[in-house]
Amino acid sequence: MEHPRIPENPYLLLTPGPLTTTPTVKAAMLQDWCTWDRDYNGIVQGIRERLVKLATTSAGYTCTLMQGSGTFSVESVIGTAIPENGTLLVLVNGAYGNRMVQIAGRLGIPVQVLDSGEVAPPDLSLLESILRSDTSVTHVAVVHCETTTGMLNPVETIGRLVKSMGRIYIVDAMSSFGGIPMDIHAMGADYLISSANKCIQGVPGFGFVIARRDEMERIGGQARSVSLDLHDQWKTMEDQSGKWRFTSPTHVVRAFAQALLELEEEGGVQKRWERYRENQTILVEGMEALGFRCLLPKSLQSPVITAFHNPENPEFHFHRFYEALKAKGFVIYPGKVTSKETFRMGNIGDIHRADILRLLEAVRDSMFWTGRP
Ligand SMILES: *Cc1c(COP(=O)(O)O)cnc(C)c1O
């Protein structure tokens, strides 16, 4: 039987997820799988084991997959890990940190905020004094790569502090896991959260939580939601060899298994990180040569996504720039910083040096506000 050809993408996604996936990842979705069949559950177990191996070489960690976009996994952690008498402290420097605050607030979980503004890392001496003086704080959460700006937070340094003060540590590594080398044990994280459609380069549909096994065993009965009960989800996967509680995104899971294989074939996280760094370096050099300026200093910048200031020209309109680039085969990302006019370009996904070079030509030919093209 002949399969329909997978159509070419009309454009590359220069966005931090969903992102451009390989044709082979997309092709893996051309089969229907039974959600509770043994073959399928075996794929799920393989994914869980591989994710733990990607996260650490240390023992004592386990992985849970959760339906939905990445936020659903974040909400499942916050809503399940924090006991009734617990308090969450969130280190905020962007929209994704704020989202964790919003989740805790909506769930009625006491929450405190240490906000360092959108272009500065957290104040660690302030964090230390809060943890010293306020014993009501039981959990601390931070975003690793704050996708709002592309800022990389010092998760290992924060982790050492949080663990030395005996608190539970939650890291949203959504847009960095698989694309930047990290070790959950070295980081001191009790929970690390990411999703299928970011640096592992799968398609959207589920997220995952890698966590300390003893911590997972402790949090039963605490969830404020049925469908986002992290403990129940984990227990079912664990005790029933990869079974999801409710209908799982079977095609997405199968594509993710393929994406993990392709990560291995590329040479693992180290090699992928090198590719992303090269992409980002070429992108920034080229954009700066065209007159654009980065929002962040290089010392804070991740190799995942870059925020650029809008050109200071009254003739610049993001929407027109966006449409011009889209017509040339590239989709970029609007800004999310509240205090400054910016736009963003991601460089993760099946994106390579040659793509970035073509992108830079397209940008040069789309600078209508200069009157040149
Ligand atoms: C993408 C992302 C999320 C989750 O966003 P969804 O739209 O729910 O997938 C959470 N945190 C960070 C840092 C992200 O980049």
Side-chain angles (χ1 to χ4, degrees), residues 13-21 64-79 81 88 90-104 106-107 115-116 118-119 121-122 140-155 158 169-180 182 184 187 189 191-210 225 227-228 230 249 252-253 255-256 259 276 280 295-296 300-307 331-338 342 344-349:
L13 291 172
L14 298 169
T15 57
L19 38 64
T20 304
T21 57
T64 313
L65 312 184
M66 180 62 80
Q67 292 96 332
S69 82
T71 303
F72 291 60
S73 287
V74 175
E75 187 153 342
S76 80
V77 170
I78 293 177
L88 175 67
V90 186
L91 308 181
V92 174
N93 43 19
Y96 293 97
N98 271 322
R99 191 175 292 175
M100 293 201 277
V101 177
Q102 186 191 3
I103 288 170
R106 186 68 63 89
L107 294 176
D115 193 332
S116 52
E118 285 169 319
V119 291
V140 177
V142 70
V143 177
H144 184 205
C145 172
E146 185 39 274
T147 319
T148 311
T149 54
M151 190 196 300
L152 221 40
N153 277 313
V155 283
I158 297 168
Y169 187 33
I170 300 167
V171 176
D172 170 352
M174 204 72 67
S175 61
S176 54
F177 185 76
I180 299 177
M182 66 184 80
I184 182 172
M187 201 188 282
Y191 299 89
L192 187 140
I193 310 156
S194 186
S195 75
N197 60 281
K198 302 242 166 152
C199 296
I200 309 274
Q201 297 184 184
V203 302
F206 72 92
F208 52 88
V209 180
I210 299 154
S225 155
S227 48
L228 295 178
L230 181 67
V252 177
V253 167
F256 188 75
Y276 287 172
Q280 203 267 342
L295 175 73
L296 293 180
L300 298 177
Q301 175 65 54
S302 72
V304 168
I305 183 166
T306 309
V331 162
I332 64 169
Y333 219 40
K336 212 171 186 163
V337 177
T338 50
T342 57
R344 292 176 290 171
M345 286 173 159
N347 54 259
I348 58 177

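Atoms within a ligand are numbered from 1 in the order they appear, just like the ligands themselves. Numbers for residues simply follow the sequence, beginning at 1. Every heavy atom of this structure was used, including side-chain atoms; hydrogens, water molecules and symmetry mates were not.
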task = Would you check the N or O atoms of Lys198, main chain and side chain alike, for any that come under 3.5 Å of an N or O of ligand 1?
result = yes
request  = Enumerate the atoms of ligand 1 whose separation from the nearest heavy atom of Ser175 is less than 4.0 angstrom.
outcome  = 15 (O)
request  = Look up atom CG in Asp115 and atom CG in Asn98, then write down how far apart they are to the nearest 0.5 Å.
outcome  = 6.0 Å
query = Any idea which atoms of ligand 1 are less than 4.0 Å away from a heavy-atom of Thr71?
reply = 4 (C), 5 (O), 6 (P), 8 (O)
query = When you measure from the side chain of Glu146 to the backbone N and O of Tyr96, does any donor-acceptor pair fall under 3.5 Å?
reply = yes
task = Kindly say whether Gly349 contributes a backbone atom to a donor-acceptor pair with the side chain of Thr20 at under 3.5 angstrom?
result = no
ask   = Which atoms of ligand 1 are found less than 4.0 Å from any heavy atom of Val143?
value = 13 (C)
task = Look at the side chain of Ser175 and the backbone N and O of Cys145, then say whether any donor-acceptor pair between them is shorter than 3.5 Å.
result = yes
ask   = Can you tell me how far the CG atom of Asn347 sits from the OG atom of Ser302, to the nearest 0.5 Å?
value = 8.0 Å
inquiry  = For the 3.5 Å polar cut-off, considering only N or O atoms, please tell me whether Pro16 and ligand 1 meet it.
reply    = no
ask   = Considering only protein heavy atoms, which is closest to atom 3 (C) of ligand 1, and at what distance to one decimal place?
value = Met174 CG, 3.4 Å
ask   = Of Asn93, Thr342, Thr338, which is the lone residue that meets side chain to side chain donor-acceptor pair (under 3.5 Å) with Glu118?
value = Thr338
remark   = d(Ile180 CD1, Leu152 CG) to nearest 0.5 Å is 4.5 Å
inquiry  = Please list the nearest protein heavy atom to atom 9 (O) of ligand 1 with its residue and the distance rounded to 0.1 Å.
reply    = Gly70 N, 3.0 Å
key: ligand 1 atoms in contact with Thr147 (distance to a heavy atom under 4.0 Å)   = 12 (C), 13 (C), 14 (C), 15 (O)
query = Can Cys145 be said to touch ligand 1, with heavy atoms closer than 4.0 Å?
reply = yes
Contact check: Asn197 vs ligand 1, nitrogen or oxygen atoms, below 3.5 angstrom = no
request  = Consider every N or O of Asp172 and every N or O of ligand 1, then say whether any pair is closer than 3.5 Å.
outcome  = yes
query = Quick one: does Arg99 get within less than 4.0 Å of ligand 1, heavy atoms only?
reply = yes
Mutual orientation of the aromatic rings belonging to Phe256 and Phe206 [parallel < 30°, tilted 30-60°, perpendicular > 60°] = perpendicular
query = Judging by distance only, is a nitrogen or oxygen of Glu146 under 3.5 angstrom from one on ligand 1?
reply = no
note = Output for pair (Phe208 CZ, Ile193 CD1), nearest 0.5 Å, gives 10.5 Å
